[in-house]
Amino acid sequence: MDGLSDLYDKISELAKRRGFFWPSYEIYGGISGFYDLGPYGTLLKNRIIEKWREYFIRRHQEYVVEIESPIVAPSVVFEASGHVEHFTDPIVSCLKCGRRFRADHLVEEALGTSVEGYSLEDLSKVIREHNIRCPFDNGELGEVKSFNLLFKTQIGPYEGDIGYLRPELAQGMFTAFKRVAETMRNKLPIGIAQIGRVGRNEISPRQAMIRLREFTIMEMEYFIDPEDKDNACPFFEEKANVKFRIQSYNMKLRGEEPQWFTLEEAVENKLIIDKCLGYWMVIGYEYMGSLGVPGSSMFFQEKGPHERAHYSKQTFDQVVRVSRWGWIEVAGHSYRGDYDLSRHMLYSKADLTVFKPYKESITIKTKKVRVDKSILGKIYKEKVYDIVNIIQNMPVESISEQLEKQGYLKIGDHHIPLEAVKIEEVEEKITGKKIIPHVVEPSFGVDRVLYVTLEYAYREKEGRVILSFPRDIAPIQAAVFPLLENDWDLIREARALYKILVDEGFQVLYDDTGSIGRRYARADEIGVPAAFTVDYRTLEDKTVTLRDRDTWKQVRVKIDNIPQALRLFLKGARLEDLGSPLS
RNA sequence: GCGGCGGUCGUCUAGCCUGGACUAGGACGCCGGCCUGCCAAGCCGGAGGUCCCGGGUUCAAAUCCCGGCCGCCGCACCA
């Protein structure tokens with residue numbers, strides 16, 4: 001990217017001028033953290049999403065399905081997920097300089113003790129009692145307030161019914177897991193994907209499309225059997241030799257640069273703790289590659305224990321280099337274990353386990369205690385229930401030992417006679433067991449991916465701007481021009497070709513104003529990969545020129561062949577293979 | 001939230017310090033006409049601006065002052 005050291009200004013100017021994106025609610029002065037997508041931005045976003053579907057869902061359709069769940073959830077969902085607790089920070093402001101601090105961190109630092117579980121009032125009290133002051137200018141601190149990054153709302157007319165906007169898609173998949181698993185006939189692995197909008201009430205969003213308060217996420221929860229990890233990732237071998245760069249947390253601490261590993265190496269060296277986690281990282285890597293980001297401009301950065309979210313056992317940020325901000329995260333790849341399903345089981349009381357049948361059922365012989373209640377009832381009357389309960393909770397071994405040694409069983413002060421307690425051998429057939437699946441989660445921020453895609457497509461050539469998108473994600477796929485502005489024969493022919501392409505399902509730009517050069521330039525600027533120009537020869541032999549956005553080279557193609565030629569071109573065919581060279 | 005800098009046609013910008021001839025100028029883009037046989041060509045014409053918003057100072061404010069909003073940078077924040 002020579003001479004293009006900071007593309008941000010150029011991209012945002014272009015984005016506004018040509019209609020990719022701009023700040024929302026501009027006519028009211030704007031509100032930070034919200035962006036509109038314009039006509040081309042929307043088309044591009046749709047293609048980026050379609051590509052993701054292709055890489056993550058369609059190619060794995062045997063295991064991975066897509067769902068859609070609501071944006072608003074009742075508070076209990078995010079209590080279960082831990083977001084109400086962990087997404088909230090106690091914050092205190094300095095009354096003198098106005099700086100804000102994490103109240104719990106300040107107190108822990110000053111007192112050297114943990115304040116876990118302290119309420120806001122407790123924290124305020126501690127700060128007052130110990131006269132903890134602002135670490136910058138020693139100013140007095142105000143009351144401790146909570147700041148929660150969840151957007152809060154109310155469901156229905158009842159004030160008690162609090163709802164939250166989802167800050168991630170995952171909880172929708174977890175709460176729907178039971179149904180989806182049933183649909184998928186309860187066989188692991190199961191991937192549940194979702195694409196949708198989320199809200200996070202960021203304290204100070206900035207950096208345009210990079211940090212928004214509302215944005216779109218593409219996310220998958222891939223559920224696996226933790227005891228059978230070898231079969232959890234049936235596609236692993238296909239990608240075992242793909243190389244990509246990783247910077248483990250230890251490497252980061254030692255100040256080491258990210259290094260290249262094959263997927264297999266990374267998993268064998270325990271750099272990545274799980275095969276599936278690694279596999280989806282590779283898919284994420286190839287996905288970003290398909291959007292035009294080279295492998296050298298991307299790596300996976302492991303998060304340290306304190307940098308991780310509360311649910312995560314291991315997390316990698318998939319980072320891409322951009323001109324202004326350096327490495328930015330486009331995706332997070334987390335091993336969430338069984339945290340989420342366990343929590344939802346706890347809060348909802350629903351059984352979210354998957355029954356895992358054994359290959360062959362196992363028969364085990366166990367000893368069981370049988371208590372003859374008719375005998376005990378006569379002796380102990382209303383105390384029978386308690387006594388039976390105690391007996392049945394005792395280890396069978398100690399019961400049989402006591403009975404053998406002393407001929408009775410001692411429960412408190414009671415001697416239970418031998419004939420009331422019998423030990424029997426029972427055969428039990430076990431056909432399988434219930435497991436709580438573990439989860440691997442790749443999660444992409446669409447808006448960041450969109451910005452990154454624009455930056456990597458951006459070129460300047462002879463003072464003109466060209467968006468060299470990979471052909472198959474270009475918002476507009478082809479342009480159709482009559483060579484001259486005012487020649488009705490050319491225009492008629494060009495409009496006919498335009499209609500053919502539209503009917504064939506393509507997104508096409510028709511333009512007949514200005515010189516042909518100007519129109520090529522306009523099309524280049526929004527990244528149209530193919531341009532068809534109708535000229536005077538077209539009227540004679542029904543051929544048109546096909547021009548390549550990136551090389552500006554042209555070939556002649558028969559009109560009848562154009563839809564097929566365009567399809568091939570968008571898939572990456574060489575221009576020279578699609579028509580005859582211009583004479 | 002704090003500090004610094006900034007906000008002028010669709011876009012980029014001149015003017016602001018030193019208030020008045022600013023009816024806010026230019027370039028690009030856009031629209032119409034002419035011209036034009038393949039890369040932002042030329043000529044003619046045209047549309048387009050609450051000078052971010054609100055208040056104040058002044059005879060007079062794009063310009064000075066205050067508050068707000070928005071943007072960028074740094075800090076803090078980013079489970």
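All values below come from the heavy atoms of this structure, side chains included, with hydrogens, waters and symmetry mates left out. Residue numbering restarts at 1 for every chain, and letters A, B, ... go by the order of the sequence lines.
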Residue A:L149, side-chain heavy atoms: nucleotide from B:rC72, B:rC78, B:rG37 that is nearest: B:rC78

Same-atom distance (C1') from B:rG29 to B:rG68, integer angstrom: 33 Å

side-chain contact (heavy atoms from CB on, under 4.5 Å), paired with A:V557, selected from A:T543, A:T545, A:I562: A:I562

Result of checking A:R464, A:R549, A:R18, A:K461 against A:D524 for salt bridge (Lys or Arg N to Asp or Glu O under 4.0 Å): A:R464

Any strand: nucleotide that pairs with B:rC12 via Watson-Crick or wobble, under 3.5 Å: B:rG26

Candidate nucleotides B:rG37, B:rC39, B:rC72, ranked by approach to the side chain of A:L483 - the nearest: B:rG37

Phosphate-side-chain proximity, A:Y8 and B:rC72, N/O vs OP1/OP2 below 4.0 Å: yes

Nucleotide B:rC78, atom P - distance to NZ of A:K303 in whole Å: 12 Å

Assigned partner base of B:rC2, Watson-Crick or wobble definition, under 3.5 Å: B:rG74

Heavy-atom check, side chain of A:F21 versus side chain of A:D447, under 4.5 Å: no

Complement of B:rC64, any strand, by Watson-Crick or G-U distances under 3.5 angstrom: B:rG56

Partner nucleotide of B:rC43 by Watson-Crick or wobble geometry (both distances under 3.5 Å): B:rG33

Nearest-Å distance once atom C1' is located in both B:rG48 and B:rU23: 16 Å

A:E525 CD - B:rC12 C1' separation (whole Å): 13 Å

A:R324 and A:D9 ion-paired at < 4.0 Å: yes

Nearest-Å distance once atom C1' is located in both B:rC43 and B:rG20: 39 Å

Selection from B:rC31, B:rC39, B:rG37 that lies nearest to any side-chain heavy atom of A:R464: B:rC39

Complementary nucleotide for B:rU18 - Watson-Crick or wobble, under 3.5 Å: none

Donor-acceptor pair present, A:Y520 side chain and B:rC38 base, under 3.5 Å: yes

Phosphate contact (B:rC35 OP1 or OP2) by A:N486 side-chain N/O below 4.0 Å: no

A:W327-A:F299 aromatic ring centre distance below 6.0 Å: yes

A:S515 side-chain N/O to B:rA41 phosphate OP1/OP2 under 4.0 Å: yes

Rounded distance in Å between the C1' positions of B:rA62 and B:rA41: 37 Å

Touch class at under 4.0 angstrom, heavy-atom based, for A:L14 against every strand present: nothing

C1' spacing across the pair B:rC17 / B:rG10, given as an integer number of angstrom: 30 Å

Side-chain donor/acceptor of A:T545 to base of B:rC38, under 3.5 Å: yes

N or O in side chain of A:S32 less than 4.0 angstrom from B:rG71 OP1/OP2: yes

Side chain proximity check, A:L165 to A:R213, heavy atoms < 4.5 angstrom: no

Upstream residue (5' side of RNA chain B) when A:R213 and A:E13 are each assigned their closest nucleotide: A:E13

Whole-Å P distance, B:rG7 and B:rC65: 13 Å

C1' spacing across the pair B:rA40 / B:rC78, given as an integer number of angstrom: 42 Å

Spacing of A:R519 atom CZ relative to B:rA40 atom P, expressed in whole Å: 12 Å

Name each donor-acceptor pair under 3.5 Å that joins a side chain in residues 437-445 of chain A to protein atoms two or more places apart or in another chain, with its distance.
from	atom 1	to	atom 2	distance (Å)
A:H438	ND1	A:Y335	OH	2.7
A:E441	OE2	A:R336	NH1	2.5
A:S443	OG	A:E219	OE1	2.8

Rounded distance in Å between the C1' positions of B:rC66 and B:rC75: 26 Å

Integer-rounded Å distance: B:rC38 C1' and A:L582 CG: 9 Å

Nearest-Å distance for atom pair CG/C1', residues A:D512 and B:rU36: 14 Å

Any A:W325 side-chain N or O less than 4.0 Å from OP1/OP2 of B:rC73: yes

Check: A:D317/A:T315 side-chain N/O donor and acceptor closer than 3.5 Å: no

Within-4.5 Å side-chain heavy-atom neighbours: A:V452 and A:E455: no

Closest-nucleotide 5' rank along RNA chain B - winner of A:D548 and A:K16: A:K16

Aromatic ring pairing A:F174/A:H344, orientation class (parallel under 30°, perpendicular over 60°, tilted between): tilted

Atom-pair distance (CD on A:E329; C1' on B:rC78), nearest Å: 10 Å

Interatomic distance, A:I210 CD1 vs B:rC72 P [rounded to whole Å]: 11 Å

Measure all distances between protein nitrogen or oxygen atoms and nitrogen or oxygen atoms of nucleotides 28-30 of chain B, and list the pairs falling under 3.5 Å.
from	atom 1	to	atom 2	distance (Å)
B:rG29	OP1	A:R518	NH1	3.2
B:rC30	OP1	A:R522	NH1	2.3
B:rC30	OP2	A:R518	NH1	3.3

Donor-acceptor pair (no angle test) under 3.5 Å: A:E485 side chain, B:rC35 base: yes

For atom CG of A:L212 and atom P of B:rC78, their distance in whole Å: 18 Å

A:Q554 (side chain) and B:rC38 (base): donor-acceptor pair under 3.5 Å: yes

